[in-house]
Amino acid sequence: MDRLAYGLAALAGIGATALGGYGMFGGVWTLRLAWLVPLGGLELTLDPLGGFFLALIGFTLVPASIYAMGSSGGERRDRFAYLVFVLSMCLVPLASNTMTFAITWELMSLASYFLVLHDRESKESIHAGWVYAVMTHAGLACLLAGMLLLGAWTGSPRFEDWRAAAPALSGTARDVAFVLLVLGFAGKAGVIPLHVWLPLAHPAAPSHVSALMSGVMIKMGVYGILRASLDWLGAGPAWWGVAVLLAGAASSVIGVLYALVDHDLKRLLAFHSIENIGIILLGIGSAMLYQQAGLEALALLGLAAALYHTVNHAAFKALLFLGAGAVVHATGTRNMEEMGGLIKRMPWTAVCFLVGSAAIAALPPLNGFVSEWLTFLVLFQNTRLDAPGLSLVFTLGIASLALTSGLAMACFVKAFGITFLALPRSDAAARAHEVPPTMRVAMAALAASCVALGVGPTLVVPALGSIAASVLGVTPPATVGDWLTLRVSGTFASLSTLAIAIALGLALLLPLVALPLVGASRRTRGYETWGCGRIVQTARMEYTATAFANPFKRVFDFFYRPAKRLDIEFHPESRFFVERIEYENPARSIFDDWLYRPALDLLRAGARAARTLQSGSANLYLAYILAALLLMLVLA
Amino acid sequence: MFRQLRTALHAGIVTEPVARGAEIERIGERLAGEIARLFARSLAIRQVDAGSCNGCELEIAGLTGPHYDLERFGVHFVASPRHADCLLVTGPVTRNMAEALRRTWEATPDPKFVIAVGDCGRDGGIFRGSYAVVGGVADVVPVDAVISGCPPSPAALLAGILEAIGRRR
């Protein structure tokens, strides 16, 4: 039963990839069932952008479903929710009128809510599910308001008609629609400060679901932002692009800063999703700004970079979540401080996780490097805009992307080092064992795709360029280099990750060949691992994740505002003998303390004030009805 | 972060300039020449405190500071014996540190050399014969050179390292 459900999901993934691929390369397909749902009927249309996101869903869905066959499948309820989730998600990029979109979007959100809530006993899951439900429905409210307003102004619920009519709307109307739509989609994408549900919901869901939620579901938010700002509303004023770019800069830096001090493996990955969405938004924001300034080639490149990072993030983040799931499966904990030594016990998982870590840390020749390089390239060419104010915004984007890349590197040194290296820090980690073959196959496939996307940008970029060109309504560039080297923006920059990969491979082989040639001594002497001269080595002497993160916590203390708690219990006879030390150094979220708590307090106070209206007395309610009636009569 | 930046701005430069033609410069230049010839311009030293009073450590730490700035002659203090060419051992070897020193020596890749620093490192110094002390460095691991002094001055340390390299030829 397990295998049947997940097998079906994997088949759906293959189908989605095929259909999406067909759409990406210009295929057109429409389905209209006017009788199925009211207000415009069910309407699905395949276009290059929708096809791209559909193919992306399929590409992540197949390994996630294969992985799910190997891990414990959960209850029947979970399998049903999973199928509803993936099928509705596949329909979101195809929806082409308000009603279809709202239904598929809401089905996707509801099904994922039930998946987040799969562990109904734990308080943590219930809280995560609650926050997720509130955030996603607040987003939906914004989306529906934006879509209904746009529908009313243009006189049609169909997206196709918006495309034709929206550019003629007044500036204010377009601004209102933009703000509402982008706010709604940004909530789904996890853009700062609407990110609060991600670090709760991703760890609570089963790992194959986290992989899909982080890998592709939040990308539906990106899809929506792209649709709203570049497709439905057409080119907008410069502040739209500035807003998106700044949101991207803030999300990338703040996301990685939170990830750095979190030692829950899955929550750390969730924070990295926020960071990567930020990087994608940097590309989209610059594309919007360049398009507004009439620099079509640069807008095209910015959008292509954003789409490239979208694919890459889906590949490496799904891989990392599946790897984290394998580790949690084997050790029974998500706390990195209780792991360690897993590379000896789970070599497959360790290698796959290492590939994913290197990819997300943007190390060449892996895929994360290529898309971050492209994003940098796009940001660096801001001098071609003749606007010093905008150049300042771009510079901010460059600085935050640079800081983000460095911190992401540090974070994954921590994530991989503490989880997989050294001695096991707990009995559970010492007893860990490799996961079943289906789970390994899924991870290996994603790791291979990370490498392929890294060494093959010369094949990927033209395809993404044609999708971006169809969104922006321009002609794609004729050439982006040859089979070996990627050349973009004329002679501005070129990159050959394939050459880097070959050079790195040769450099690894070089000592083996060169040392005997120059006659170096091959004499070796074995001695135990260096342990600072200690006679007994235990896991208690190891570097911890907390210690690794502490320097960053100190440097950025104005952001983390750490609350240090030190509790020492001495021996009753002498203070020189310590019985127990408890040390806690948690970071406090500025968004919880300064944004959400005041807002919720205000809401609660408002609700309390409004409750006095509802006294429970039927006489009073009759008086309300009378008053309302009189008011209506007067107004009419 | 902001506090650190403020402090750095306020403090300014507090190091005194080194006198031209000082002894340390003359020895340093000869040392740099030898290191360039024998160690491809980089000599990696692992310092081991086998039970020192930290007098020698103060002088050694002074060498790496901005005043003497040892690194310009190609001498680097490294964080692990795995990276070292040379062990610089201070202090009388205490019973607690004897095994650690032995392990450090084993963990240093061959070819290597050991310099015992200070009167204590030479033969146990004033701690010789104590129940807590095994003896000088040479009683635990083979020693190639000794730098006497309590503590030896930075110039004496440099001269000692130079002599030790010269002896290795």
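Letters A, B, ... mirror the listed sequences (proteins, then strands); counts begin at 1.
If you measure heavy-atom distances from A:Tyr527 to chain B, the contacts under 4.5 Å come from both the backbone and the side chain. In this structure, chain B has no heavy atom under 4.5 Å from any part of A:Thr524.
Here the straight-line distance linking atom NE2 of B:His83 with atom CH2 of A:Trp530 works out to 11.0 Å at 0.5 Å rounding.
The number of heavy atoms from other shown groups lying within 6.0 Å of OH (A:Tyr583) is above 12. Crowding of A:Phe577 atom CZ: a count of heavy atoms from other residues, nucleotides or ligands under 6.0 Å not exceeding 12. Counted within 6.0 Å of CZ on B:Arg30, heavy atoms from surrounding residues, nucleotides or ligands total 12 or fewer; the atom is thus considered open. Within 6.0 Å of atom CZ in B:Arg41, 12 or fewer heavy atoms from other residues, nucleotides or ligands are found, so the atom counts as exposed in its surroundings. No more than 12 heavy-atom neighbours from other residues, nucleotides or ligands sit within 6.0 angstrom of CZ on A:Arg540.
Here the side chain of B:Arg103 pairs a donor or acceptor atom with the backbone of A:Arg534 at under 3.5 angstrom.
Between B:Lys112 and A:Arg525, the shortest heavy-atom contact is NZ-NH2, 3.4 Å.
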